[in-house]
Number of protein chains: 2
Amino acid sequence: MSDPDERDTRSKILIAAATMIGEGPATRLSVRAVAARAGVSTGSLRHFFPTQQELLDTVVEGLQTLDLPDDPMADPTRPPAERLEACLRVLLSSVGTGSTARRNWVSLHDAYIAAAGRDDTAPTFLAMERLAVDRVERWLAVLREEGALRPGDLEGHARFLLTVVNGLSLERALPGAAARIGSEAASLRQAVSAVVS
Amino acid sequence: MSDPDERDTRSKILIAAATMIGEGPATRLSVRAVAARAGVSTGSLRHFFPTQQELLDTVVEGLQTLDLPDDPMADPTRPPAERLEACLRVLLSSVGTGSTARRNWVSLHDAYIAAAGRDDTAPTFLAMERLAVDRVERWLAVLREEGALRPGDLEGHARFLLTVVNGLSLERALPGAAARIGSEAASLRQAVSAVVS
DNA sequence: ACCTGAACACCGTTCAAGT
DNA sequence: ACCTGAACACCGTTCAAGT
C-alpha cells in the first residue's frame with residue numbers, strides 16, 4: 001500500500017524487530033537498537049511496549065501466528081505427516097506464546113498442581129485430559145484407515161503425542177522461549193515421524 | 001577444617017554464588033553482587049571466571065554434580081535403546097513422584113514462570129538447560145559412534161528427548177499421575193525409538 | 001495521545017596499578 | 001599469580017517536556 005516509513009510507529013517497531021531477528025537468530029533486541037532501526041525514540045518504543053518483555057513476546061507471537069487453518073486432518077491433498085503436525089500445532093497454539101503462555105501456565109499450575117489435595121479439582125482436569133486424548137485418537141484413526149499409522153494402540157500413540165505437546169507448551173513459558181522456536185518445529189516433526197509410517 | 005573466610009578466593013566466590021541461589025532460586029547473580037557477598041573485588045572474580053557465563057556454568061554444574069549415579073550408557077552389555085531409556089529415566093527420577101514431583105514443579109514455576117520479567121533469572125535457567133542438553137548430547141554421541149543413532153543433528157535429538165522428559169515430568173505433577181505410569185514407560189520407549197535406529 | 005531525549009541505576013568486561 | 005577499583009560501553013526503565 002505505502003512506504004514502510006509511513007506506517008504507524010507501533011508497526012514500524014515490530015517490523016524492525018522482526019527484521020533484526022530474521023537477519024540472525026542470535027540478535028540482541030535492545031531498546032536502543034530496535035528504536036534506532038525503527039527510526040523512533042526509546043521513549044516512543046516504551047509508550048507502545050512498556051517493558052522489553054512485552055516487546056519480545058509480541059514479536060515472537062507475530063512470527064508464529066502467520067498461518068492457522070481449521071481442522072487440517074480433513075485436507076486430503078496434504079501428506080499424512082504434514083496433516084498430523086498441523087493438528088498438533090492447533091493444540092499447541094491454544095497455550096499461546098510469551099506472556100500468554102506464561103499466564104496460561106500459571107492458571108494450570110494454580111488449579112491442578114499447587115491446589116492439589118486442598119481442593120478436588122482432579123475430576124475436572126481428568127475430564128479435559130480425556131477430551132484431549134479422544135481428539136488426538138480421532139485424528140490418528142483417520143491416519144490408520146489410510147494405512148499411514150505405525151502399529152500400536154491408538155491411545156498409546158495419542159498419549160505420547162500429548163506428552164510432547166505438553167513439553168513444548170511448558171517450554172514456551174520458560175525463559176529463552178524465543179530462541180527455541182526452531183527446535184520446537186523440529187521436535188514436533190520428530191514426534192510425528194515416530195507415529196506415522 | 002577452617003573458617004570459610006580462610007578458603008581460597010575461587011571457593012569463596014563459588015560458595016557465595018551457591019548460597020545466593022540457595023536463598024532463592026530467583027536470584028540474579030551479578031558480578032558485583034557475588035563479589036560483594038564473597039568479600040572480593042570484581043576484578044578478582046573475573047580473574048578466576050573470565051566471563052559471567054563461566055561463573056554461572058561452574059556454579060550450576062557444582063550444584064548438579066552433587067549426586068550422580070553411575071552412567072547407564074557405560075554398560076556395553078545392554079542394547080542401545082535400553083541404555084538410552086535408562087539414562088532418560090535418571091533425568092526423570094530427579095523430579096520424583098507424587099507430592100515430591102508437585103513440590104519440585106512449584107519451585108520451578110515460582111522461579112522461572114511466575115517471576116518472569118519481575119526479576120532476571122533467565123540466565124540461571126538457561127545455564128541449567130544448557131547443561132542438560134550437553135548431558136544428553138554426550139549420551140547420544142556414544143550411540144552415534146556405535147552407529148545406533150538415526151541421522152540428524154545431535155542437539156536436535158537431545159532437545160526432542162528433553163521435551164518428552166519435560167512433558168512426562170509435568171504429567172507426574174498433574175492429577176491422575178498414578179494411572180499413567182504405564183503410558184509413561186510406553187512414551188519413553190517411543191521417544192527413544194524415534195532417535196535410535 | 002504520541003513522541004522526544006536526558007537521566008538513573010544497573011550490567012559485564014577491560015585494564016593499569018599494586019602486592 | 002593474585003587482587004584492587006576505576007573506567008568503558010552498554011542495558012532497561014522512568015520521566016519532565018514538548019506537539
Side-chain angles (χ1 to χ4, degrees), chain A residues 2-18 20-21 23-60 98-99 102 175-179, chain B residues 2-18 20-21 23-61 112 114-128 130:
Chain A
S2 59
D3 191 82
D5 286 18
E6 289 177 11
R7 286 173 169 280
D8 60 292
T9 306
R10 206 188 114 98
S11 302
K12 280 201 289 187
I13 293 168
L14 287 175
I15 289 170
M20 290 168 73
I21 283 189
E23 286 169 359
T27 322
R28 176 85 207 246
L29 293 183
S30 78
V31 223
R32 288 165 186 78
V34 175
R37 183 64 164 268
V40 150
S41 70
T42 66
S44 190
L45 191 155
R46 272 279 146 318
H47 177 257
F48 291 100
F49 304 98
T51 70
Q52 202 62 3
Q53 191 65 54
E54 287 186 44
L55 171 63
L56 272 177
D57 288 352
T58 308
V59 171
V60 171
S99 61
R102 246 169 280 125
Chain B
S2 59
D3 193 81
D5 287 17
E6 289 177 12
R7 284 173 171 279
D8 60 292
T9 307
R10 205 188 114 97
S11 301
K12 280 201 289 187
I13 293 167
L14 287 175
I15 290 170
M20 290 167 73
I21 283 189
E23 286 169 357
T27 324
R28 175 85 209 250
L29 294 182
S30 78
V31 223
R32 288 164 184 80
V34 175
R37 183 63 164 268
V40 151
S41 69
T42 67
S44 190
L45 191 155
R46 272 277 105 57
H47 178 258
F48 291 100
F49 304 98
T51 70
Q52 202 64 2
Q53 191 65 52
E54 286 186 44
L55 171 63
L56 269 178
D57 288 350
T58 309
V59 171
V60 172
E61 191 180 356
Y112 303 117
R118 282 202 294 282
D119 203 17
D120 193 10
T121 56
T124 311
F125 172 82
L126 293 173
M128 298 200 307
R130 247 292 112 214

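Naming convention: chains lettered A, B, ... in sequence-line order (proteins, then strands); numbering from 1 in each chain.
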> Atom CG of B:D8 and atom P of D:dA1: how far apart are they, to the nearest Å?
Replying inline: 16 Å
>> Which residues in residues 44-52 of chain A have a heavy atom closer than 4.0 Å to any atom of DNA chain D?
In response: A:R46, A:T51, A:Q52
Detail all sub-3.5 Å separations between protein N/O atoms and N/O atoms belonging to nucleotides 6-10 of chain D.
none

> A:S41 side chain: which of D:dT4, D:dC11, C:dG5 is closest?
Replying inline: C:dG5
>> In this structure, which stretches of DNA chain C are paired as stems of three or more consecutive Watson-Crick or G-U pairs, both distances less than 3.5 Å?
In response: C:4-8 with D:12-16, C:12-16 with D:4-8
>> If you only use heavy atoms from C-beta on, which nucleotide in D:dC3, D:dT4, C:dC2 is closest to the side chain of A:T9?
In response: C:dC2
>> Can you measure A:R10 atom CZ to C:dC3 atom C1' for me and round it to whole angstrom units?
In response: 16 Å
> Quick one: side chain to side chain contact (heavy atoms under 4.5 Å, CB included) partners of A:R37, sequence neighbours excluded?
Replying inline: A:A16, A:T19, A:M20, A:E23
> Which heavy atom of A:I13 sits nearest a heavy atom of A:S44, and at what distance?
Replying inline: CD1-O, 4.5 Å
> Can you tell me how far C1' of C:dT4 sits from CD1 of A:I13, to the nearest Å?
Replying inline: 13 Å
> Which value, rounded to the nearest 0.5 Å, describes the distance between A:L45 atom CG and A:L14 atom CG?
Replying inline: 9.0 Å
>> Do B:Q52 and B:R46 make a side-chain contact, defined as non-hydrogen atoms from C-beta onward lying under 4.5 Å apart?
In response: yes
>> Tell me whether the side-chain N/O atoms of A:R28 come closer than 4.0 Å to OP1 or OP2 in D:dG12.
In response: yes
> Which residues pass the side-chain hydrogen bond (donor to acceptor under 3.5 Å, both in side chains) test with A:S11, sequence neighbours left out?
Replying inline: A:D8
> Mind checking whether B:I21 and B:L29 have side chains closer than 4.5 Å, heavy atoms only?
Replying inline: yes
> So do B:R130 and B:Q53 actually touch side chain to side chain, heavy atoms under 4.5 Å?
Replying inline: no
> To the nearest 0.5 Å, how far apart are CZ in A:R102 and CG in A:D57?
Replying inline: 4.5 Å
> Just how far is it from atom CD1 of A:I15 to atom CZ of A:R10, taken to the nearest 0.5 Å?
Replying inline: 11.0 Å
> Where is the tightest heavy-atom contact between B:L56 and B:A127, given as atom of each residue plus distance?
Replying inline: CB-CB, 4.3 Å
> Sequence neighbours excluded, which residues qualify as ring pair (Phe, Tyr, Trp, His ring centres under 6.0 Å) partners of A:F49?
Replying inline: none
> To the nearest angstrom, how far is B:L55 atom CG from C:dG12 atom P?
Replying inline: 9 Å
